[in-house]
Amino acid sequence: MQTNFPQSFLWGAALSSYQAEGGNFNSDWFLWEKTRNITPCGKACGHYERFESDFDIAHSLGLNALRVSFEWARLCPSPDAFDEEVLEHYQRVICALAARGLTPLVNLHHFTNPVWFAERGGWLNAANIDSFLCYTKRIAQVFKEHVAYWLVFNEPFVYAYNGFVRGIWPPGARSYAQARRVIENIASAYISAYQEIKAIYGARISHVSFSKHMRFFAPCPVFSLGLSSLAARVRDAIFNIQFIERLATRGVLDFIAVNYYCKEYVHFGFPAGRECAHQFHRERKNHIGWWMYPEGLYALLLRLRRFRLPVIVTENGSAETDNDAYRDYMQAHIEAVARALRAGVDVRGYLWWALLDNFEWDKGFEYRFGLIHVDYAAMTRTVRPFALDFAGIAKENRVTW
Ligand code: BGC
């Protein structure tokens, strides 16, 4: 069967500033790495200096979009200062994308905060929302002629869960109450940021959203199937849908941005999460140990149809150790997008995570997601063979499988 993608479909890849740029000394993650026994981000991919040649490769692959993020801590190293040189750097980044025909999707917050913001209580403190809005307003003013797609936050629930429930990301808290407060503050910040961007853009085109991490929750059959199914439904409603619903109902989502990777088995009780599925080998695990499940992307996209909003897959990808596994994952997930399109979901783009191998937060550099392999010692880049298959699909703008 053949599926033609819409003419202006965005074929691209994503990156985040902290994970790729290197040298983000003013970010709370940088401080966190120093106090914990984890691999530091250090120079990351050296992308801050190499962004032009990295974008050349994206262009040579025939991509037409790239999702990047701006590092707030770099732009605002102290509460009242805006670093004009850094601002010029990001202007050059956006120009470099445009010069290569790459539509920019810009993310304002991808997990990291300025140290001064964290020291003032970060997202736990509602009084801090204004600092984020100051940053947002300045950026929207500067880039209103050049950027149409804004992602205000990346994955608020993942941020709150890892930083405030599991305690494995800064600030290392373990409190559901705090996580809820963080989510509420991020929701308020998002709504105000949306309104500010709209006011600044006036009649100019802007598409504003946030990236939502979605997982396919499946009942773990090792335990009572009835209880596990209930647990999966509850997790799905709370984790996948509620936040989107809340913002869509307020009319502050121009499109739905989905980050999807895998399936997670759930049940009531211990051992928690995907571990319970060890005895079931229906799905393949990737290098990190995530259950690969392309049908999950299809099923979730169908669930989003009722919001009647365009959808962009702003992250989908896998860390593998051999090219066939990357290629199979990529093809199966693009096929899931194609099926969703055929079923009437208004999907407008698909971005692979990531353009380059990069710093994978608490896991360091072992797991590689890139279309492009990075040799961290020499800082050289090599296009992975499966990226050429991806390029072929992007160029044809259709799939036949
Ligand atoms: C995050 C990325 C991360 C990727 C792979 C996404 O949820 O946005 O920052 O590298 O997952 O774990």
Side-chain angles (χ1 to χ4, degrees), residues 12-22 24 27-30 32-33 38-41 44-45 47 66-73 105-113 150-163 165-166 168-170 186 209-217 239-240 243-244 256-264 273-274 285-293 296-297 300 312-321 325-326 329-330 333 349-374 376:
L15 274 182
S16 95
S17 45
Y18 193 82
Q19 293 176 272
E21 285 176 352
N24 277 314
S27 302
D28 58 351
W29 252 92
F30 194 83
W32 172 259
E33 291 157 13
I38 55 171
T39 308
C41 175
C45 320
H47 176 70
L66 210 71
R67 175 180 166 218
V68 295
S69 73
F70 289 172
E71 191 68 16
W72 178 19
L105 291 89
V106 181
N107 199 189
L108 290 170
H109 184 275
H110 196 122
F111 299 150
T112 54
N113 301 296
W150 290 103
L151 293 155
V152 180
F153 288 98
N154 181 61
E155 304 185 343
F157 278 47
V158 172
Y159 172 72
Y161 188 60
N162 283 340
V165 176
R166 294 176 75 201
I168 59 163
W169 287 5
I186 287 182
S209 189
F210 73 101
S211 283
K212 179 77 192 76
H213 187 102
M214 297 186 91
R215 275 204 195 151
F216 187 86
F217 294 106
F239 187 87
N240 285 332
F243 202 67
I244 295 178
I256 300 177
V258 176
N259 293 357
Y260 174 82
Y261 288 85
C262 61
K263 177 187 228 181
E264 181 174 336
R274 25 185 119 91
K285 273 186 170 184
N286 76 352
H287 188 203
I288 302 192
W290 297 345
W291 297 100
M292 305 289 86
Y293 192 59
L297 177 57
L300 288 165
I312 297 177
V313 178
T314 47
E315 281 183 30
N316 175 241
S318 186
E320 305 288 355
T321 48
Y326 280 114
Y329 181 99
M330 181 268 297
H333 285 79
Y350 174 89
L351 311 183
W352 179 266
W353 178 268
L355 179 67
L356 307 166
D357 290 343
N358 60 77
F359 176 69
E360 182 55 20
W361 306 113
D362 51 294
K363 299 181 187 65
F365 289 99
E366 183 182 351
Y367 301 112
R368 294 172 174 269
F369 285 85
L371 290 173
I372 302 165
H373 173 274
V374 176
Y376 295 109

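Numbering of ligands and ligand atoms starts at 1, following listing order. We count residues from 1, following the sequence as given.
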For [atom], what is the closest protein heavy atom, and at what distance to 0.1 Å?
{"atom": "atom 11 (O) of ligand 1", "value": "Tyr261 OH, 3.4 Å"}
{"atom": "atom 12 (O) of ligand 1", "value": "Glu360 OE2, 2.4 Å"}
{"atom": "atom 6 (C) of ligand 1", "value": "Glu315 OE1, 2.9 Å"}

Measure the distances from the heavy atoms of [X] to every atom of ligand 1 and state whether one is below 4.0 angstrom.
{"X": "Phe359", "value": "no"}
{"X": "His110", "value": "yes"}
{"X": "Val158", "value": "no"}
{"X": "Tyr367", "value": "no"}

Ring-face cation contact, Phe239 with Lys212, 6.0 Å cut, 45° max:
yes
For [X], atoms of ligand 1 separated by under 4.0 Å from a heavy atom:
{"X": "Trp290", "result": "5 (C), 12 (O)"}
{"X": "His213", "result": "7 (O)"}
{"X": "Gln19", "result": "2 (C), 3 (C), 9 (O), 10 (O)"}

Would you call the rings of Tyr293 and Phe216 parallel, tilted or perpendicular if under 30° counts as parallel and over 60° as perpendicular?
tilted
Just to be sure I read this right, does ligand 1 sit under 4.0 Å from the backbone of Tyr18, its side chain, both, or neither, counting only heavy atoms?
neither
Please tell me whether Ser17 and Ser69 have a donor and an acceptor in their side chains that are separated by less than 3.5 angstrom.
yes
For the side-chain hydrogen bond (donor to acceptor under 3.5 Å, both in side chains) test, which of Tyr260, Tyr350, Trp353, Trp352 pairs with Asn316?
Tyr350
Could you grab the distance from atom CZ of Arg67 to atom CG of Leu351, nearest 0.5 Å is fine?
7.5 Å
May I ask you to check whether Phe153 and Tyr159 place their ring centres under 6.0 Å from each other?
no
State which residue, out of Tyr18, Trp72, Trp169, Phe359, fulfils the ring-ring contact (aromatic ring centres under 6.0 Å, His included) condition with Phe111.
Trp169
Any non-hydrogen side-chain atom of Phe157 less than 4.5 Å from a side-chain atom of His213?
no
